[in-house]
S.K.: 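I have a structure here, written as structure tokens, and I will follow up with some questions on it.
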Amino acid sequence: MDSDRVRKLEARCIEEQPPACMATCPLHVDMRAILEKVKKGDFSGAFALYARMVPFPGIVGHICDHPCEATCRRQEAGGAIRIAAVERALVEESYATLRRTAQRQSKPKRVAVVGAGLAGLTAAFDLAMKGHRITVLEADAHPLERLYHDYDEDILPRSVIAAEIGALQTLGVEIRVRSRVAGGPGPLGLDTLIDDFDAVLLALGPGVARNFSSTVRLTDNGRIDIDPNSRATSHPKVFGGGFHGALGEVYSPIGSIRDGRRAAGSIDRFLQGASLTAKRDDADGEASCLYVNTAAQEAVPPVEPVDTAAGYTLEEAKAEAARCFPCHCQECVKACVFLAHYKTYPKRAVREIHNNLSIIMGNRKANRMIDSCSLCGLCETVCPTDLAMGDVCLEARREMVDSGHMPASHHDFALRDMEDSRSARAAFARHEPGRERSARVFFPGCQLTASAPGHVERVYAHLRDRLEGGVGLMVDCCGAPAHWSGRTALHTEVVDHLRQTWKEMGEPEIVTACATCLTMLRTHLSEAPVRSLWPLLAEIGWPEGTDARAAGKTLAIHDPCTGRHEREVHVAVRDLAARLGASVREISSAELTTCCGFGGLVSFANPDVANATVDARAAERPEDYLTYCAMCRDNFARRGKRSAHLLDLAFPPEDGADPAARPDPGFSGRRDNRARLKIRLLRNLWGEDMSDPESVWNVHIPDDVRADMERKLILVDEVTAVIADAETTGRKLKDRKTGHLIATLRSGPVTTWVEYENTETGALVHKAYGHRMNVEAKS
Amino acid sequence: MSVPVPPEVPVPDTDDLICARCDVPLRMGKVQASYMGQTFPVELPVCPSCGFVYVSEDLAAGRMLKVEQALEDK
Ligand code: SF4
Ligand code: SF4
Ligand SMILES: [Zn+2]
């Protein structure tokens, strides 16, 4: 992943975009954060955030013309947040806590500000906070004269204005009233100011400025010509700020403050000899592109103050603040247990993954995170900009494998299981008995064969019965584990082998029972015609005598994540269930289905995330679940959620057992089922005999020990091999107290330990565990 | 690559364990633990006669697992 691609991916996720209120606020006040604090009753914390951005919080809190409210997204669900009203309550509560200290400048500069309106005083404030020495020259008798005319005492108390001016003077700003600055030289002439000060700000307010025309360029209508962004004039030491009454300009107090702030920013840059334009972040924000799912929000009307004139009480302000959503996208995080588990969102996760891949020395802390994504495609389905975390994680896995940094333990077991399912123990391909060619080949996949081998036999018989042209059988693995684990070379090997077999079969149409096989083969064996079993079954119908086998059953349907976009399959499966008499409820729409925990091999790399994923899904509906992926079914069963495969409904157990209560066969059971299915099919259909490698060792494993082995990914075969080795070589320990025997055997990358005792009927296993580290006595 | 800290092996109660083949009690002895090309010396219960090394489940699922994972994430 090169940094260019990382930047593009990061840019796709809009979660860190400012919310609408902040983007619209001329000072970019972080109202979302402030409202969060107000909501919790933390007024002083909220006020501190507010005062960090707002130069005169007392004044602004009373008179702001609040352009933010016009864009607040709450208006789509009950009405915009009354932001200004909350601000007023906040300021009235906490203004007294305001403390400000200016920075120290070793060489403070002197700046003259002409005009003590909001723009001029904002610039004076900002520059004084930077440690400069400011002199304000005002023609009128008071600073902020305009506010006295524009606002009544009950809107803007005079004491508030006085307090703000006092605070400004405490910062060292000198305000000289009745000091009208004229053009040209002379004691209060602009040219003299330019000579005496390091910079001059003309914050004149509305009106023409002809008398300055000898020093700065004017516009056609006699106003000072000011660059709207940098507030520069034609004279390098002179800047312009505030409302000038130019054409089309509408007076806005907060707009004047913004102008003053921009001018101060430029003056500070000028004083440091820096560029006025480079890397400025105070330009007018573009409209917020943060996605907010307002449709999912219940409409709540604004809080009306009981006393309109007095405004919100603190309780009312809290209640109003609580209406702020707050705006976030996080659509994927709400949908994905993995992202929620890591308390992250793609923009941040992509950066972490990139950093992880770039580490040369030190710990790669995100390895497990990268391997905890189920690659299920839900995030890109819900993301407004289609960002696919699965693609990012898969790409990262491939890089980790290629650079030798993929932790071996994460996927080792799954890959060994794939090896078993592809081995001669389980895999084979044949034409229909008695035929030389196959128009179609049934590809049940390694999970249905492992979970419910009997279903494979019945479906295959049914397909042979109903379809012309020969239906071959291809029992194999589609290679998903190799793909998901980032093992590109291994995956290519698997696909090449499948292609070879498919060609030898005469290039038949492949009919898959598993949604993962369908996607994998379609994508990687693209020259082969591949289709799903379910629409085909819907066409040919269930075998005779199956109708109404599920009558009276109500189930909630879970679609496999790898088939979330297979509309045709969704329809066929629901139709097939209905034909069996079952009533089917939806959990979510098929497109928004979640993973069962197996996808992306998460259950091996991060069982906690996998379990949380399947548990969250299981909790969505109380009904038994209906699945048509063997892995989904077994994962629900493993976590105690009653669930039936569609084929369990069509072919219920002959002994009348409850199909939704079928236990998960477990990893050893899966391997056994696959091996036995091959033996059975070859013998019954093709008359071929395969020797059944029955173990000569009788090993008893109690259920609790077996469940513990499942969690630890230890197979019965491995335990048997340890005992066989110990009993043949005598290499074992004996616990004198309990009489238990302890034996061990290293096979491949793992060492397995078994604690057992010999009984009359064989070895009774008490415990099994393993490790990857190799230990040897020093000789 | 920095050298990882060798695992601090908790001493299991070996008093009850005897090597079945040699019929002698285990004794703490020097052992080589290795993973991913890294080797470090540890003290573990060993059969003094045939060198059978005992790894308890606590060790396998505790310190040993931690070191394995730390090495995998290097
Ligand atoms: S859905 Fe997720 S990835 Fe997409 S923009 Fe929102 S937070 Fe970012
Ligand atoms: S809902 Fe809250 S965060 Fe969103 S725009 Fe309105 S005030 Fe801002
Ligand atoms: Zn010994």
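Below, read A as the first sequence line, B as the second, and so on, with proteins coming before strands; counting in each chain starts at 1.
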S.K.: Give the member of B:Leu26, B:Val31, B:Ile18 that has the highest number of heavy-atom pairs under 4.5 Å with chain A.
M.R.: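 So the answer, after comparing B:Leu26, B:Val31, B:Ile18, is B:Ile18.
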S.K.: Might you point out which heavy atoms bring B:Ala20 and A:Gly730 nearest each other, and give the distance in Å?
M.R.: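 The answer is CB-O, 4.4 Å.
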S.K.: So which heavy atom on A:Gly770 is nearest to which on B:Ala60, and how close?
M.R.: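 In terms of heavy atoms, the two residues are closest at O-CB, 3.8 Å.
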S.K.: Can you tell me if NZ on A:Lys712 sees more than 12 non-hydrogen neighbours from other groups inside 6.0 Å?
M.R.: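 Count over threshold, so yes.
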S.K.: What closest approach, in Å, do B:Ala33 and A:Val775 show between heavy atoms, and which atom pair accounts for it?
M.R.: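 So the minimum-distance heavy-atom pair works out to CB-CG1, 4.0 Å.
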S.K.: Check this for me: B:Asp23, atom CG, are more than 12 non-hydrogen atoms of other residues, nucleotides or ligands nearer than 6.0 Å?
M.R.: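 Open.
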S.K.: Got A:Asn363 and B:Lys74 here, is their nearest side-chain heavy-atom distance under 4.5 Å?
M.R.: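 A:Asn363 reaches B:Lys74 side chain to side chain.
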S.K.: What distance separates B:Cys19 SG from A:Lys732 NZ, expressed to the nearest 0.5 Å?
M.R.: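 So the gap between those two atoms works out to 10.5 Å.
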S.K.: Could you grab the distance from atom CZ of A:Arg772 to atom CE of B:Met36, nearest 0.5 Å is fine?
M.R.: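 Reported value, rounded in 0.5 Å steps: 9.5 Å.
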S.K.: Using heavy-atom distances under 4.5 Å, tell me whether B:Val46 contacts chain A through its side chain, its backbone, both, or neither.
M.R.: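 Interface part for B:Val46: side chain.
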S.K.: Is there a side-chain contact between B:Val55 and A:Met773 (heavy atoms, below 4.5 Å)?
M.R.: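 Sidechains of A:Met773 and B:Val55: no contact.
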S.K.: Relative to chain A, which of B:Gln69, B:Lys30, B:Arg21 shows the most heavy atom pairs under 4.5 Å?
M.R.: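 Greatest number of close heavy-atom pairs with chain A: B:Arg21.
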S.K.: Checking side-chain polar atoms at under 3.5 Å, does A:Ser409 have a donor or acceptor matched by the opposite partner on B:Glu68?
M.R.: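 On atom types as modelled, these side chains do not qualify, holding no pair under 3.5 Å.
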S.K.: Under 4.5 Å, heavy atom to heavy atom, which residues of residues 605-612 of chain A contact chain B?
M.R.: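 So far as heavy atoms go, nothing in residues 605-612 of chain A approaches chain B to under 4.5 Å.
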S.K.: Return the CZ to CZ distance between A:Arg731 and B:Phe52, rounded to the nearest 0.5 Å.
M.R.: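 One gets 5.5 Å once the value is rounded to the nearest 0.5 Å.
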S.K.: Below 4.5 Å from any heavy atom of chain B, which atoms of A:Ile359 appear? Answer side chain, backbone, both or neither.
M.R.: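 Nothing of A:Ile359, per the 4.5 Å heavy-atom cut-off to chain B.
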S.K.: Within the structure provided, determine whether A:Trp753 and B:Glu57 are in side-chain contact (heavy-atom separation under 4.5 Å).
M.R.: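 Sidechains of B:Glu57 and A:Trp753: no contact.
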S.K.: Could you tell me the separation between the CZ atom of A:Arg736 and the CG atom of B:Asp15, rounded to the nearest 0.5 Å?
M.R.: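 Spacing of CZ (A:Arg736) from CG (B:Asp15) equals 7.5 Å.
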S.K.: Would you compute the distance between atom CG of A:Leu733 and atom CG of B:Asp16 and round it to the nearest 0.5 angstrom?
M.R.: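 Separation between the atoms: 12.0 Å.
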S.K.: At their closest point, which heavy atom of A:Ala408 faces which heavy atom of B:Tyr35, and how far apart are they?
M.R.: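 Closest approach of A:Ala408 to B:Tyr35, heavy atoms only: CB-OH, 4.2 Å.
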S.K.: Side chain, backbone, both or neither: which part of A:Lys365 has an atom under 4.5 Å from a heavy atom of chain B?
M.R.: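 Contact with chain B involves no heavy atom of A:Lys365 at all.
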